[in-house]
Amino acid sequence: KKGSVHGINNAIFKFSAAVFQLLLGILADSQGVILVLWICVGISFFAALVNLPLIRHPRLGTLTDNDSDEGTVASLDDDIIQEQLDKAEYVPFKDMYAINETRAAVGLPFLESRFGEYSREHVDTFSSLSGDDLVFIRNKLEQRLAAIHDDP
């Protein structure tokens, strides 16, 4: 479903880019460039108004102090994450855990990291970003051990 929505969105953008550039060019030739510039300004304001409700969407809010741009996944789309893993890009373990937990709940297989040889650059990058992953894993293990201890 996500792929088809992305394809429809992409097709609309490609179509509108092809058609409206031609129409605006013809209009600029016949009526003048100033009018076309004001039409573009109007379209931009209209687009901003149409997208205004997205401000209230909970997943599209502003970053909190705990959030970090570096080393985080912008989208939790399974295909995008798997692509990042296949390219040996860093994906935070917290995000992988959340995705795999959701996938397990609906009976889907886990996303898998790429195994094999990594370059020195990958090792250095992963080493510098893995501190939060180790803290997350330790906390999860402590939670599970506490649950086992409380209810054997």
Side-chain angles (χ1 to χ4, degrees), residues 1-140:
K1 183 176 179 180
K2 292 176 188 176
S4 75
V5 170
H6 179 68
I8 291 168
N9 184 34
N10 197 10
I12 290 171
F13 272 100
K14 299 279 186 190
F15 176 77
S16 64
V19 171
F20 287 112
Q21 287 179 9
L22 177 66
L23 292 177
L24 289 173
I26 292 170
L27 187 63
D29 288 343
S30 65
Q31 301 296 320
V33 174
I34 299 298
L35 175 67
V36 172
L37 288 175
W38 281 110
I39 289 173
C40 290
V41 168
I43 291 171
S44 296
F45 276 111
F46 176 73
L49 288 174
V50 167
N51 288 304
L52 201 58
L54 295 176
I55 291 173
R56 300 240 184 246
H57 194 281
R59 291 187 69 190
L60 301 176
T62 58
L63 294 174
T64 62
D65 291 339
N66 297 338
D67 294 334
S68 168
D69 285 351
E70 186 175 336
T72 60
V73 179
S75 170
L76 295 180
D77 185 4
D78 295 2
D79 295 333
I80 294 172
I81 301 296
Q82 188 62 60
E83 219 173 271
Q84 287 179 313
L85 291 170
D86 291 342
K87 293 179 188 174
E89 293 177 7
Y90 175 73
V91 176
F93 189 79
K94 178 173 57 173
D95 295 333
M96 283 285 296
Y97 185 87
I99 290 171
N100 282 334
E101 201 171 43
T102 304
R103 290 176 66 89
V106 295
L108 294 172
F110 290 155
L111 296 178
E112 296 177 359
S113 297
R114 179 177 77 95
F115 291 97
E117 295 182 18
Y118 288 90
S119 69
R120 185 69 192 159
E121 178 185 324
H122 285 109
V123 173
D124 293 340
T125 302
F126 293 164
S127 296
S128 67
L129 296 172
S130 63
D132 292 336
D133 288 345
L134 293 174
V135 170
F136 177 79
I137 292 169
R138 186 188 73 209
N139 291 339
K140 277 294 173 191

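The first residue of the sequence shown is numbered 1, and numbering continues consecutively from there. Just so it is clear, the model here is predicted, and its values are computed rather than measured.
With a 4.5 Å cut-off on side-chain heavy atoms, Leu52 and Ile55 count as touching.
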Under 3.5 Å, which donor-acceptor pairs link side chains of residues 99-109 to any protein atom two or more places apart or in another chain?
unit_1, atom_1, unit_2, atom_2, d
Asn100, OD1, Leu111, N, 2.8
Asn100, ND2, Met96, O, 3.4
Thr102, OG1, Ala98, O, 2.9
Arg103, NE, Pro109, O, 2.6
Arg103, NH1, Asp78, OD2, 2.6
Arg103, NH2, Pro109, O, 2.9

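Atoms CH2 and CG, from Trp38 and Leu35 in turn, are 11.0 Å apart once rounded to the nearest 0.5 Å. Rounding to the nearest 0.5 Å gives a distance of 7.5 Å between CZ of Phe15 and CZ of Phe20. Going from atom CD1 of Ile39 over to atom CZ of Phe46 covers 14.5 Å, rounded to the nearest 0.5 Å.
Taking each heavy atom of Cys40 and Leu24 in turn, the nearest pair found is SG-CD1, 4.0 Å.
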